[in-house]
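Note that the coordinates shown come from a computational prediction; the quantities given were computed from them, not determined experimentally. Both ligands and their constituent atoms are indexed starting at 1 by order of listing. What's counted below: heavy atoms across the whole structure, side chains too, no hydrogens, waters or symmetry copies.
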Amino acid sequence: MTASDRPATGTGPIMWGGRFGQPPDPLMWDYTVDRSDRRLLIYDLRGSRAHLDMLVARGVLGAELGARLREGIDRVDREAEAGAFVFLDSDEDVHSAVERRLRELVGAEAGALHTARSRNDQIALDLRLYMRDEVAAIVEGLVALVRVLADLADVQAETIVPAFTHLQQAQPISFGHQLLAHAWGLIRDRGRFLDLAKRIDESPLGAGAGGGSSVPIDPEVTAESLGFAATFANSVDAVASRDIACELAFCCARSMVGLSRLAEEIVLWSSAEFGWVTLSDTMSTGSSALPQKKNPDPAELARGRAASVIGDLTTLLTLEKGLPLSYARDLQEDKRALFHAVDTLRATAGIFTEMLATAGFHPPSPRPETSALDLAEALIRRGVPFRTAHEAVGLLLSRLGAEGRSLDQALASDLEAAHPRFLPADLELIDPAASAARRSSPGGGSPASVREQIAELRNQL
Ligand code: ARG
């Protein structure tokens, strides 16, 4: 690993071997190197280019050297683009790999690029560039899913299903209403990502190892050229903080929790007992043992993977919690958790979009008993106190139940026996579709409300 431009005593990695008398133990090396950060290569190059241009513009590096380094960076960039960049076992991390490759291309002067820069502000920058792109992609994925839900709700607006509480049939609503309940949750998730994007939008480049630099750098120049709205206010904070990584993991975990609830409903709905949905063959798996089976595995795995993304959030919070400021190597561990959280959410949003778009929906009507509240409300309109009306309908249901009759089999005489203020016409209230249509107040479960919600949703997208 010796190079002509380093002190003869130096050994080990070119980046920091100068004060070392012995090379790293292979065990130690293997334990400490990071290979998970390789996907940050393009961001590392982008940051390096911005840093170089700033150094040249400020006269810290000469134009001629600057041009050569830039050429080298461009070449590495082309290699990265072509998937031809080769990482070596001796690369400690992505930053070391770029510097090593640059050294191979332009010689020892490649080291000048690290002027007034540290891997501490470099990784903080790379992560922000990565997060900025990923947040945009996640938002796009969530929007695509919301669109599918809105389209489905449109088709299913007149289909009536029971709304559940305690997983017991509660009130008849439009099936579109149930679907849109998930869409509104996703819209809030999207809002959290968009809000987080504002906090990501701050460049840490120029914080150096943590204390800033005596070299006349200008962090605002690099921030601007990298498209950041602001630069750091405090160099220690800039390299020490991972709160936005935690926040991104939280946003991912929260979205996964919402998708997990949708997954749970799809699993239930696809059962023979519910019979609400038939997933397409392309979005289902079979059983190796039971020939008749068609399993909703994508939904089940989404539900399962929500657990691991919650784990990612826990990892990130716990990783940061005991660390003294500023940088500590523990922070290297943030990437695996963050990448996993982001990848899992993106894949899950994508699978749901496809799964819902290709599914067939055919939910059966709710039980007639879901109109019970409509009967009670008829009495309320005639001046009967709610508790009394509730009791009367309860009595009616209990009597019918004892005789093995359902509510739609009730006769005018049954109503009258339950409460004198019932009218024979009240029997017409026992109709789930009419019940749902009556609840046309804004945000209610009627088909009319669903149409309004779809318009509002599409407006917000
Ligand atoms: N690979 C490191 C990380 O991900 C980069 C920063 C290393 N800094 C250092 N002083 N060793 O955190």
Review point. Polar-atom distance check: Gln332 versus ligand 1, any N or O pair below 3.5 Å?
Key: yes

Check your understanding: Hey, which atoms in ligand 1 end up nearer than 4.0 Å to a heavy atom of His95?
Key -> 5 (C)

Check your understanding: Just checking, Arg100 and Phe87: is the charged tip under 6.0 Å from the six-membered ring centre and within 45° of the axis?
Key -> no

Exercise for review: Among all protein heavy atoms, pick out the one at the shortest distance from atom 11 (N) of ligand 1; state its residue, atom name and that distance to 0.1 Å.
Suggested key: Arg119 NH2, 3.6 Å

**Study point:** Where ligand 1 meets Asp93 - atom numbers and elements under 4.0 angstrom, heavy-atom basis
**Key:** 1 (N), 2 (C), 5 (C)

Point to revise | Axial cation check for Phe228 ring with Arg128, 6.0 Å and 45° limits | key: no

Point to revise | atom 4 (O) of ligand 1 - nearest protein heavy atom and its distance | key: Lys335 NZ, 2.6 Å

Check your understanding: Which residue owns the protein heavy atom closest to atom 6 (C) of ligand 1, what's the atom, and how far is it?
Key -> Tyr327 OH, 3.3 Å

Check your understanding: If we only count heavy atoms from C-beta on, is the Val146 to Arg190 side-chain gap below 4.5 Å?
Key -> no

Point to revise | Test side chain to side chain contact (heavy atoms under 4.5 Å, CB included) applied to Gln332 and Ile123, Val33, Leu319, Asp34, the passing residue | key: Asp34

Exercise for review: Count the heavy atoms of every other residue, nucleotide or ligand shown that sit under 6.0 Å from CZ of Arg367, and state whether that count exceeds 12.
Suggested key: no

Revision key, fill the gap. Atom 10 (N) of ligand 1: closest protein heavy atom, distance to 0.1 Å, is Asn120 OD1, 3.2 Å

Review point. Would you say Arg261 has more than 12 foreign heavy atoms packed within less than 6.0 Å of its CZ?
Key: no

